[in-house]
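Written below as structure tokens is the structure these notes are about.
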Amino acid sequence: MKDLKNSLKKLKQESLFREIKNINSKTGKYICIEGKNFLNLSSNNYLNFADNTDFVKEFLEHIKSKTSEVSFGSASARLLTGNLPVYDRLESLIANLFNKEKCLLFNSGYHANVGIVSSLLKKGDAIFCDKLNHASIIDGMKLGDGDFFRYKHFDYEDLEYKLEKYSNKYKNIYIITESVFSMDGDIADLKKIVEIKKKYNATLIVDEAHAFGVFGKNGLGICEQENILNEVDIIIATFGKSIGGVGAFAVATADIINYFINTSRSFIFSTAIAPVNILWNEWIIENKLPETLTSRQNMLQTADKFRNLLTDNGFETRGESQIVPVIIGNNEDTMKMADNLQQYGYWALPIRPPTVPKNTSRLRFSLTTDINIADIEGISTILRQE
Ligand code: PMP
């Protein structure tokens, strides 16, 4: 506690101090903060499901007939008394969609990654992880008893080099990657990783957090789009982004899922999220997700146009998804640019270390299906003013 004040002071000096914003409301693509309206370019609500008032009304009508299932708290972990048919139904629905034997719900993507990675990674095992994987994956590796190696982002030669050098020292080998990377919006070469995992007899885990609901004919993600659902051993995704709900899931063989049920501490020791949230996830996936193909494709085209505009104006951007980063470099400049955009009514948050590597602070624009190019084409001109 002695150093707490100094730590806070240092964070402020380095433009790394974070505060919870006073958000008044969110309506469609707009967000009202401290009484002022902005275009919301910082949300993971890719399909506009999260605060869609029409959907909320429809959903409330839908659950009127399900009063025996609707409650706002499960009051227990799944393995105790926190289970009801709706949880099993959603798990079956998702397992069938992904053509996998079994699905397990988690309370969030964070719970899923921490629980899954730490329970798999036993002493004598090793996991090979893309350097830019999400914090929840890193935390899972730190909690596990085995060793971990981080390969350079998207550098599959580095992955192979590390596998060649170390894999024969370990009993079980795992490879873990996101599909769409959350801070860069770029997409892993999953077909290449599948080849590598076969060569080294590794188990492959893919986190589709930002791809589920966006990519693939049925919106299942990059594994669906690349036609490799059957080749990826464990697929993880969250309901907290495209689905506009809360919770997460993993799909895999029955043995793997039964192993998680018995060993994943974040699953075993936490109260299950409320049935009403599970009902929402089920209702959205059954009724609304199948109608989104065209709007998802339009969103990805808008993102491409936006990236081109930024590049034409001399900015460094990356990726091929609905997430468009503009790499600025230092924290202070990034903060200033974000502030300037706010003056013009754009809410795009600066992303700084430790969320991204040092000297790669950035503005991260995340698009949603109701944002069109006319809404955002003025941004590069404003950025150039700085
Ligand atoms: N994985 C990735 C790649 C993420 O970006 C996130 C959320 N930022 C998570 C997992 C965690 O998901 P949740 O928000 O549901 O905890």
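Just follow the structure's listing: the first ligand is 1, and inside any ligand the first atom is 1. All heavy atoms count here, side chains included; hydrogens, waters and symmetry mates do not. It should be emphasised that the depicted structure is a prediction, and the values quoted were computed from it without experimental measurement. Throughout, numbering of the chain's residues begins at 1 and tracks the sequence.
- Both the sub-6.0 Å distance and the 45° axial angle are satisfied by K288 relative to the ring of F55.
- The protein heavy-atom contact nearest to atom 14 (O) of ligand 1 is K241 NZ, 4.0 Å.
- In this structure, E157 places its CD atom where only 12 or fewer heavy-atom neighbours from other residues, nucleotides or ligands lie under 6.0 Å away.
- Taking both residues in full, the closest heavy atoms of T271 and A75 are given as CG2-N, 3.9 Å, listed atom of the first, atom of the second, then distance.
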_Quick one, F267 with F260, criterion ring pair (Phe, Tyr, Trp, His ring centres under 6.0 Å). Give me CA distance, side-chain angles, the key distance, then yes/no._
CA-CA 8 Å; F267 171 78; F260 295 152; 9.5 Å; no
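- Scanning both residues, G73 and S71, for their nearest heavy atoms gives O-OG, 3.1 Å.
- With hydrogens and angles ignored, the 3.5 Å screen pairs no side-chain donor or acceptor of S43 with any backbone N or O of N40.
- Nearest protein heavy-atom contact of atom 12 (O) of ligand 1 is G109 CA, 3.3 Å.
- Of all atoms in ligand 1, listed by their number and element, those nearer than 4.0 Å to a heavy atom of E178 are 3 (C).
- For atom 9 (C) of ligand 1, the closest non-hydrogen atom of the protein is H134 CE1, 3.5 Å.
- Checked by distance only, ligand 1 and H210 come closer than 3.5 Å through their nitrogen or oxygen atoms.
- Nearest residue to atom 10 (C) of ligand 1 from I236, D207, T238 is D207 (criterion: closest heavy atom).
- Against a heavy-atom cut-off of under 4.0 Å, N113 is close to the following atoms of ligand 1: 1 (N), 10 (C).
- Ligand-side atoms of ligand 1 in range of Y110: 11 (C), 12 (O), 13 (P), 16 (O), range being under 4.0 angstrom from any heavy atom.
- Ligand 1 places these atoms under 4.0 Å from at least one heavy atom of S108: 15 (O), 16 (O).
- Under a 4.0 Å criterion applied to the non-hydrogen atoms of A209, ligand 1 contributes the atoms 1 (N), 2 (C), 3 (C), 4 (C).
- Taking every non-hydrogen atom of S182 and a distance limit under 4.0 Å, the qualifying atoms of ligand 1 come out as 5 (O).
- The cationic group of K12 lies under 6.0 Å from the six-membered ring centre of F17 and within 45° of the ring axis, placing it in a cation-pi geometry.
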*asked:* I'd like to know whether K197 forms a salt bridge (Lys or Arg N to Asp or Glu O under 4.0 Å) with D233, so could you lay out the CA-CA distance, the side-chain angles of the two residues, the decisive distance to 0.1 Å, and finally the verdict.
replied: CA-CA 10 Å; K197 85 124 198 171; D233 303 283; 3.0 Å; yes
